[in-house]
Every structure is written in C-alpha cells, then in structure tokens.
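Read through the structure below, which is laid out as structure tokens, and then see the notes.
Both counts, for ligands and for their atoms, begin at 1 and track the order of listing. Residue numbers start at 1 and run along the sequence shown. As a basis for the values below, the full set of heavy atoms in this structure was taken, side chains included, without hydrogen atoms, waters or symmetry mates.
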Amino acid sequence: MSTLFDIAFAKSASLDGGLVVQLKLSGDTKAAGAAEADPADIVTRAAGIAKFKGKAFSTLDILAPEGSAADRLVVIGLGKAGSMEALDWLKVGGTAAAAVKSAEKLTVFLDAPGASVGAAEAAGFALGMLLRAYSFDQYKTKKKDDDEKDNQKNGKEKTVKVTIVTAEAASAKKAFAESEAIAGGVNLARELVNLPPNILGPVEFADKAKALETLGVEVEILTETEMTTLGMGALLGVAQGSVRPPRLAVMQWKGGKAGEQPIAFIGKGVVFDTGGISIKPGAGMEDMKGDMGGAAAVAGLMHALAARKAKANVIGILGLVENMPDGNAQRPGDIVTSMSGQTIEIINTDAEGRLVLADALYYCNERFKPRFMINLATLTGAIVVALGNIHAGLFSNDDTLATELAGVGEVTGEKLWRMPLGKEYDKLIDSRFADMKNSGGRQAGSITAAQFLKRYVGDTPWAHLDIAATALNSPSNEINQSWGSGFGVRLLDELVRAHYEG
Ligand code: BES
Ligand code: MN
Ligand code: ZN
C-alpha cells in the first residue's frame, strides 16, 4: 500500500508538531525556514556533530528539536549552489517522502537560501514525493514491517497532510496539477508491470486501457475476430498458443487542433512470455510478467497526457497477447502472413514481440498516417547485455526524432543510447522460405529485432525503444522503489511537452 500524500502549497506555515523538512546547500550555514523551525540554530549544531555537509540528497535527522514546535526536523542536502537540475528536485522530493515514516503531518520549507526555487522546482519536488510513495504490496497480507505498520491506520493506508512552504505558492499549486497527472501515469505503468500474469491477461489489460475513457481518452478494443478480418497473422500467431484471447487497444487523445496529424505510441504488451514452443529456461521466467512494459508505458503516457490535457493529438496502441506453449501454439518453421502482406518464417517462437509489433505498427500507420511512430518494447535480452539498465536502446530511421528523444532522456533521467541500423543487418533476417524470418541468430540480436520492425513502418519517421533492461527489475533510487519502473512515461510526456504541443 502506498502512502497517500495530500499536498498543499502555502506562503507560510505555523508549526504545531509533525515532521518538518528543510533544505540546505552544501557550504551554506543556514537551512530553509530556519526562523520557524530551528530557533536555537539547532541545525548548525546538529550538522556539526553528525558531520552533515549538505551533500545532494543526504539527510540530517533531528528528533524533538529543543525550542522548536516541530516533532522532528529533517534537513535534506542540495549539494553545491547552482548544481540542481530539474530531475534533482524530484530526487529531493523523493528523499523527503522517504523520511515521513510515522508522521501524519509534514511541513516542507522549500526556499533554501541560495537555491532558486520557483514553481517548476516546487512541482518537481511534489512529483518526486508522489513517485517515491508508490509501492506494490497489495498481495502481502502478513508480515508488514514496522514502518509500514506506522504508515497505516486500522490496516488502511494513511493520508499524510503535506504543506509545502514557498514564496511561489500560487504558481506552484498550478504546476502541481501537472505533477499529479504525470505521477498518475508513471504509477499506472508501474502497477501494470507489477501485477501478476494470472491477474493481468490481455482482456484485463484492455479493460485498464478502457478505463482511461474517464479522462477523456477515446478507446476502442479490437477482438480476435476483428484482428482476423484485418489479417493480423503475425500478432495472432503468437496469441494462438494461449487460452486467453488477444486484444488490440486503440486509444486516441484529441487535445490538439482538429484535423491536425497525430503522433503515435505503440507498446508491446506480452502479458507473459514463456517463449512458446521455443520455451525459455525456468530460472527467472517469472520476470516475463513484465514483458508488457512497453504497453504499460504507453497506457501510462496516455493517462498523463489526458490528465494534464496536453495540447496534442496522440494515438496509443497496445498489442496485448500471451505467449504460451500449447497443442495449438505456433511452431518454428511456421510461416505467417502479417497485415502488411509480408510473410514471416518463424525461427524461434520466443522472438514474439516483433511479431506483435509488426501488425500493431502497420495498422497504426495505415489508419492514422501519424507524424511519427514511437514503439516501446521489452524486446531483446541482447539489449540487457549491451547497455545494462543504464540506457534503453534507441533505434530510429529519423535523426531529428532520435535527437529529440535522446535530449529529453537526459532531462528526465530515462537515458537512451542510439544503436545502428543498416542494410548489412537487415540482410540477416532474410529468409529462405518467406519474406523474412523472425530471428537473425545470435549476432546483433537487438539490431536485427529493430530491422524487423523497420520493415513495417514504411517511410514514416519512427523510433524503437528497447526497454527490456529498464522497464523491469529496477534498482531502487530516490524516486522509485518499485520493480516495474514506469520507464518511458516521463520521457515521452517530456517529448510531447517540449516538441509537439501548441
Ligand atoms: N521478452 C523477451 C526479451 C526480454 C528479455 C525482456 C529479458 C525482458 C528481459 C523477448 O521476447 C525474447 O525472448 N527475446 C529473445 C529473442 C531471440 C529468441 C531472438 C531474446 O532476446 O533472447
Ligand atoms: Mn520472447
Ligand atoms: Zn517477449
């Protein structure tokens, strides 16, 4: 259960108990809100004893500070003056959220002397709090640790009242509406990735997409019959080994000018990937519940864009299937015909994501003629080997789009590394029996997967993000404690905001 924060902004606050957070630059003697919270300059004294230097995201914890109305005073370091970037404010917010524990009331003095704190920084701080607060523990019925117990009242999650004190209170409050939209999107994506595969099948995932209608997103759910009529033989070939029928979710957010060409995001939504007949080894197979991380990111993005009423026309498409071995499953050697008419020889039934995306991409391009298509997919183990969980792989047929994406990745901390495409790689997926094969073998596994997708996008500007290492199994940090990271939501929200709105 996540902690719930009820966040308000104010120009000043009177203290009567609760947790107080102040910020401090390294090298600065005074912390924010010093007059209200530490009358006896208790911070300077405690910092000296604890050798607290104000290093970025370090904390100084003072209990029952004498002469102060606060129950507890936590000072968070900001590092050197002028060193704080947009993402750092999220991390400070996350650090503050982590300090809450048993408190029911939190007052944050945001205006650190020497650090310039405006509405954007305040909203970033609040976004960091909301991201840090997310946890997935609805299936833990026993063994709550003490912190969690402290955070609950009668077994229910507890709401913490937060007052963020800043001179920019009014504009910060406005900016915070966007933080809530983005946090909602990221936390939705995390939740979808974390949910177990018995609970979240293609139909259930489609229901979650449908629920975005409450935010004003138009949602159509295509059934197996409709996909058969459309000739989506590649996607359907993957789905045929599962007793759970596939779905294609088509979402439209029309926040831009009427008739303006949309931009499109497409997600791989393999709710569980056993590998099919080319079955995966047992060790770690449970992680393949997260093989819908691309679709989760697209759903989360649509949530964020709709909730903050982005001024853009945006399409979101999710290819939702389960890859299972079965008497009816597809075989290596099978040849399937994709919606584009191109035929595919199945070499390895575990290379299923590209089959799902081939039809989803082609359908998107034909129906919507978008300005660009960006697909997200937990596509290859090879990208895990190549880039680890530091960068996601970026493949593109368009230098402008690739540059924009890499740029926003630096801003949000969802880093991308561009990988090559080229004729020589493309040749590796030519097939003896069909137009192409779905696996190019051991060499350049992530690149040949991208080359495969490229055969379904025509001349439309396109980028493929291989998020196999970054969407799941995520390391904990200041703003994320969840296994499913929600990678891609803030990234693409920022792409839309910076380059495709208004
Ligand atoms: N879903 C996997 C890729 C993956 C691996 C995602 C690790 C997340 C973590 C994908 O469907 C897959 O199995 N890819 C194969 C392709 C191969 C058979 C050509 C792979 O990477 O081994
Ligand atoms: Mn697979
Ligand atoms: Zn897969």
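Counting only N and O atoms by type, the side chains of W462 and N375 include a donor and acceptor under 3.5 Å apart. Using modelled atom types, one finds no donor on one side chain facing an acceptor on the other under 3.5 Å when comparing Q342 with Y362.
Of the inter-residue distances, the one linking R354 atom CZ with L379 atom CG reads 5.5 Å to the nearest 0.5 angstrom.
Atoms of ligand 1 lying under 4.0 Å from at least one heavy atom of N348, given by number and element, are 18 (C). Every atom of ligand 1 with a heavy atom of T378 under 4.0 Å away is listed here by number and element: 1 (N), 2 (C), 3 (C), 6 (C). Near G381, the atoms of ligand 1 lying under 4.0 angstrom from a non-hydrogen atom of the residue are 3 (C), 5 (C), 20 (C), 21 (O). Atoms of ligand 1 lying under 4.0 Å from at least one heavy atom of T380, given by number and element, are 3 (C), 21 (O). The ligand atoms of ligand 1 that sit less than 4.0 angstrom from a heavy atom of K268 are 1 (N), 10 (C), 11 (O).
In summary, K268 places an N/O/S atom under 2.8 Å from the Zn ion (ligand 3), meeting the contact criterion. Metal site remark for the Zn ion (ligand 3): D291 contributes an N, O or S atom at a distance under 2.8 Å. The distance from the Mn ion (ligand 2) to the nearest N/O/S atom of D291 is not under 2.8 Å.
Of all the heavy atoms in P202 and R244, the pair that sits closest is CD-CB, 4.2 Å. In terms of heavy atoms, G267 sits closest to L357 at C-CD2, 4.0 Å.
When distances from the Zn ion (ligand 3) to the N, O or S atoms of E352 are compared, OE2 comes out shortest. Atom OD2 is the N, O or S atom of D273 at the shortest distance from the Zn ion (ligand 3). Nearest N/O/S atom of E352 with respect to the Mn ion (ligand 2) is recorded as OE1. The atom of D273 that is an N, O or S and sits closest to the Mn ion (ligand 2) is OD2.
By the criterion of a heavy-atom distance under 4.0 Å, both the backbone and the side chain of A468 are placed next to ligand 1. When heavy-atom distances to ligand 1 are checked against a 4.0 Å cut-off, D350 comes that close through both its backbone and its side chain. Contacts between L379 and ligand 1, counted as non-hydrogen atom pairs separated by less than 4.0 Å, involve the backbone only.
Although no hydrogens or angles enter the test, the distance criterion places no donor-acceptor pair under 3.5 Å between the side chain of R308 and the main chain of I182. Between the K268 side chain and the T378 main chain, a donor and an acceptor come within less than 3.5 Å of each other.
If you look at F372 and F265, their ring centroids are closer than 6.0 Å.
Here the protein heavy atom with the shortest distance to atom 7 (C) of ligand 1 is M288 CE, 3.7 Å. Protein heavy atom closest to atom 19 (C) of ligand 1, with residue, atom name and distance, is S439 OG, 3.6 Å.
The heavy atom nearest to atom 16 (C) of ligand 1, out of those in R354, R442, K437, E352, is found in R354.
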**Derivation and outcome, side-chain contact (heavy atoms from CB on, under 4.5 Å), residues E414 and T470** = CA-CA 9 Å; E414 293 154 293; T470 49; over 6 Å; no

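Checking each of D291, D273, T349 against N323 for a side chain to side chain donor-acceptor pair (under 3.5 Å) leaves exactly one that passes, namely D273.
Residue-to-ligand polar distances place D273 within reach of ligand 1: an N/O pair is separated by less than 3.5 Å.
Ring geometry for W417 versus H391: interplanar angle over 60°, hence perpendicular rather than tilted (30 to 60°).
In this structure, K309 fails the cation-pi test against W253, since its NZ or CZ atom is not both closer than 6.0 Å to the six-membered ring centre and inside 45 degrees of the ring normal.
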